[in-house]
Amino acid sequence: MSTIKNELLIYNSLSGQKEKFEPIHENKVGMYVCGPTLYSEPHMGNMRTFINFDMIYRCLLKLNYQVKYVRNITDAGHITNSAGDEVDSIGKVARLEQVQSLEIVYKYNVKFQELQRIYNMLPPNIEPTATGHIQEQIETIEKIIENGFAYVVNGSVYFDVKAYSEKFEYGTLSGRVVDELSEETRVLNAQDEKRFFADFALWKKANPEDMQIWRSPWGDGNPGWHIECTAMSTKYLGAHFDIHGGGMDLKFPHHEDEIAQNCGSVGCNPAKYWMHANMLNVNGQKMSKSLGNFFLPKEIVEGTTTVFEKAYSPNIIRFSMMQAHYRSTLDFTADSLDAAEKGFSRLSEAVEKLAVLKTSTTSSISIPDIIQSFYKAMSDDFNAPILLAKIFDAVKYINSVNDGKATITKQDLELLSVEINSFVTDVLGLTMEKLNSDAKLAPVMDLVLDIRKSARENKDWTTSDKIRDGLAIAGIEVKDGKEGTTWN
RNA sequence: GGUCUCAUGGCCGAGUGGCUAGGCACCGGUCUGCAAAACCGUCUACAACAGUUCGAAUCUGUUUGAGACCUCCA
């Protein structure tokens, strides 16, 4: 349906306000999102960013855009400190575990792919790896040197922020000004090869202990921190594409330097719209190992984290995340997750009821209006919490119809059913957990509940309660409703 | 120290210059042998102070508090 296509608004970090989304090529969207670095398992906070961009991707698809979604996989080590003397972060882990870098990368890639499935994330169209694009990175660096925005020192290449600032503006995304930066108290390290402290490495000469080394025109070494994103986004999406996303904490320096590299190599900002997803807190604080509120996305699903006393399904986690806007920080607490669990369950049950609702000749409310409100919420900077609120308005209506207090026509029911299912599963990425899904157990339960029914009819409460309590111990909850008994 | 963001009812969280989301909990009700579940209803909040305005929680200023980034970070 949706004959009226809403105007899509996107908050652009570049301007700091919501802007009308106008794709560079009509009906097509190129989107690049910074993916994981494979030297450890992504934690829950990483997942929030990926899940949010998954939702955004799903929204764009729902709006019938033809989306090319690229999310990189960083499998080459990065420089790990400002002096640049620790180049290979993956190699560092590999040395600790006494295995090869590639083993580390493979191990965590498998885990990451598994997490994508567990959390029901759509795979991007392309997941390019840094190590698969060394040549492209070298070529990008060569272009930047040619353009006069980088210099070679002793086998390493640095981006020349001062030279760049004469032609472009450095710091437009993060609101930083080079003059301000220079007033900072930081001093150039005596051995530092950089001309200016804000300069950053594009290529770093190999250290003897590096486990991954590549050949380049400047000698053996490693690519710098940010160049892979520039090289790969340009290769797969072009010099200028629609959306570039990532976590809020990547804004500076990573994204700022990406802009500089792109301007320095091809003369323009890589993206028209920059989007940043906000952080996840746990019990009111940023996740950190030292605070004891750190856990992995798999642990919370399996109930093996010490931070929470019970397990929460991926759907509950996702639902909880969808109840907050992607640009706001979100706090995970036992209370908030318990609330999400119940809310999600209420939603699931209403969606199930859609299939068995009785229809009438009239509808009490306007179904197209409800559906329009879904689109409107989604089109307002991907406002998932409002979308859920509107869906819950529909849930209330579904329940009323189910109780015979409201009516719906067959045609409206079909429409509502299709759209609610679409928004819940396709857009929000929630999967409806089927109740009574165990094919073997179902006939057994029918039998047991039939016996209990007879007992109740004979007012044999001892037997009926024995059955109910026994099933409860087995983890099966009996629900005596108006129209018979159900279980789950 | 610099740059910036945010402060919403018991909790999580949207949003808006006047019509004051949503989820969860609480309370009341319907249903029920009892209970649970389910459903319905109710609860009227926006840090403090001052200002602008016919009118602000929403705009401005000050104060207090929290957080982020400035170093790898989703």
Side-chain angles (χ1 to χ4, degrees), chain A residues 16 33-37 39-40 42-53 77-83 86 89 92 171 174-177 180-181 183-186 198 225 245-254 256 276-281 284-288 319-325 327-347 349-350 353 373 377 380 383-393 395-396 398-400 402-403 405 455-457 459-461 464-465 468-469 472 477-483 485-488:
Chain A
V33 174
C34 292
T37 301
Y39 63 104
S40 65
H43 61 251
M44 207 59 231
N46 293 297
M47 292 307 285
R48 159 126 120 126
T49 297
F50 299 139
I51 288 172
N52 270 139
F53 280 102
H78 276 177
I79 292 165
T80 56
N81 67 9
S82 58
E86 182 94 49
S89 52
K92 195 176 167 186
S174 56
R176 271 161 239 269
V177 185
E180 267 173 23
L181 285 169
E183 284 167 15
E184 286 179 22
T185 51
R186 289 166 50 198
W225 335 359
M248 201 73 104
D249 48 357
L250 252 37
K251 220 170 174 181
F252 186 88
H254 183 62
E256 198 65 75
H276 291 95
N278 218 322
M279 304 289 105
L280 177 73
N281 287 343
Q285 287 174 303
K286 187 180 175 177
M287 260 197 173
S288 92
F319 179 87
S320 173
M321 287 180 175
M322 293 301 121
Q323 279 194 306
H325 189 88
R327 280 192 287 115
S328 301
T329 53
L330 167 64
D331 195 18
F332 265 15
T333 62
D335 282 350
S336 75
L337 290 171
D338 285 344
E341 183 172 32
K342 291 187 179 163
F344 176 68
S345 153
R346 182 153 175 246
L347 173 62
E349 289 185 21
K353 279 180 204 161
S373 74
D380 185 10
N383 200 322
I386 293 290
L387 172 56
L388 267 176
K390 297 300 176 189
I391 290 175
F392 270 101
D393 287 345
V395 165
K396 188 170 279 188
I398 292 166
N399 288 330
S400 297
N402 194 46
D403 289 350
K405 289 173 185 162
R456 293 180 72 204
E457 279 162 5
K459 298 196 192 296
D460 178 3
W461 310 129
S464 80
D465 288 354
R468 184 214 285 161
D469 296 344
E477 188 183 22
V478 173
K479 299 176 190 176
D480 295 327
K482 209 187 260 181
E483 315 203 343
T485 301
T486 55
W487 58 275
N488 67 9

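Looking at heavy-atom distances under 4.0 Å, Lys390(A) makes no contact with the nucleic acid at all. Across all strands, Leu280(A) comes closer than 4.0 Å to base atoms (heavy-atom distances). Residue Gly45(A) is classed as a base contact, given a heavy-atom separation below 4.0 Å to a base. The residue Ser328(A) sits close only to the backbone: its heavy atoms come under 4.0 Å of sugar-phosphate atoms, none of a base. Nucleic acid contact class of Met279(A) (heavy atoms, under 4.0 Å, all strands): base. Using a 4.0 Å heavy-atom distance criterion, Thr49(A) is classed as a base contact. Note on Asp480(A): a base of the nucleic acid sits closer than 4.0 angstrom, heavy atoms only. Using a 4.0 Å heavy-atom cutoff across all strands shown, Glu477(A) reaches sugar-phosphate atoms only and no base atom. Using a 4.0 Å heavy-atom criterion, one finds that Ala277(A) contacts no nucleic acid atom at all. Here His43(A) lies in heavy-atom contact (under 4.0 Å) with a base.
Across all strands shown, U60(B) is found opposite A50(B) as a Watson-Crick or G-U wobble partner, with both distances under 3.5 Å. With a cut-off of 3.5 Å on both Watson-Crick or G-U wobble distances, the partner of G15(B) is given as none. Pairing of C4(B), defined by two Watson-Crick or G-U wobble distances under 3.5 Å, is identified with G67(B). Pairing partner, C39(B): G29(B), with both Watson-Crick or wobble hydrogen-bond distances short of 3.5 Å.
The side chain of Lys342(A) places no N or O atom within less than 4.0 Å of a non-bridging phosphate oxygen (OP1 or OP2) of G23(B). Side-chain N/O atoms of Arg346(A) include one lying less than 4.0 angstrom from OP1 or OP2 on C39(B). Close to A14(B), at under 4.0 Å from its OP1 or OP2, lies no side-chain N or O of Arg327(A). In terms of phosphate contacts, Asn383(A) brings a side-chain nitrogen or oxygen within less than 4.0 Å of OP1 or OP2 of G15(B). Between Lys479(A) and C39(B), a side-chain N or O to OP1/OP2 separation shorter than 4.0 Å is absent. Taking 4.0 angstrom as the limit, Lys251(A) places none of its side-chain polar atoms (N or O) nearer than this to OP1 or OP2 of A68(B).
Scanning atom types as modelled, one donor and one acceptor separated by under 3.5 angstrom connect the side chain of Arg468(A) and the base of C34(B). Evaluation of atom-type donor-acceptor distances gives a pair under 3.5 Å for the side chain of Ser464(A) against the base of G33(B).
Counting heavy atoms from C-beta on, the side chains of Arg468(A) and Trp461(A) never come closer than 4.5 Å. Looking only at side-chain heavy atoms (C-beta outward), Ile391(A) and Leu347(A) come within less than 4.5 Å of each other. The side-chain heavy atoms of Phe344(A) and Arg346(A), taken from C-beta on, include no pair separated by under 4.5 Å. Between Met248(A) and Thr49(A) the shortest side-chain heavy-atom distance does not fall below 4.5 Å.
Nucleotides C26(B) and G33(B), compared at atom C1', are 28 Å apart to the nearest Å. For C72(B) and A57(B), the P atoms lie 44 Å apart once the distance is rounded to whole Å. Nucleotides U44(B) and U20(B) are separated by 14 Å at their P atoms, to the nearest Å. Nucleotides A74(B) and U60(B) place their P atoms 34 Å apart, quoted to the nearest Å. Nucleotides C11(B) and G2(B), compared at atom C1', are 36 Å apart to the nearest Å. Rounded to whole Å, the separation between the C1' atoms of U16(B) and G22(B) comes to 15 Å. Comparing G10(B) with U5(B), their C1' atoms sit 26 Å apart, to the nearest whole Å. When the C1' atom is compared between A45(B) and A50(B), the two are found 22 Å apart, to the nearest whole Å.
The CD1 atom of Ile386(A) sits 15 Å away from the P atom of G13(B) (whole-angstrom rounding). Here C72(B) presents its P atom at 22 Å from CE of Met287(A), a figure rounded to the nearest Å. Here the P atom of nucleotide C24(B) and the CZ atom of Phe319(A) are 8 Å apart, to the nearest Å.
Salt-bridge annotation for Asp393(A) and Lys396(A): absent, with no side-chain N of the basic residue lying under 4.0 Å from a carboxylate O of the acidic one.
Nearest heavy atoms, Leu330(A) versus Ala324(A): CD1-CB, 3.8 Å. When all heavy atoms are compared, the tightest approach of Ala277(A) to Phe53(A) is CB-CE1, 3.9 Å.
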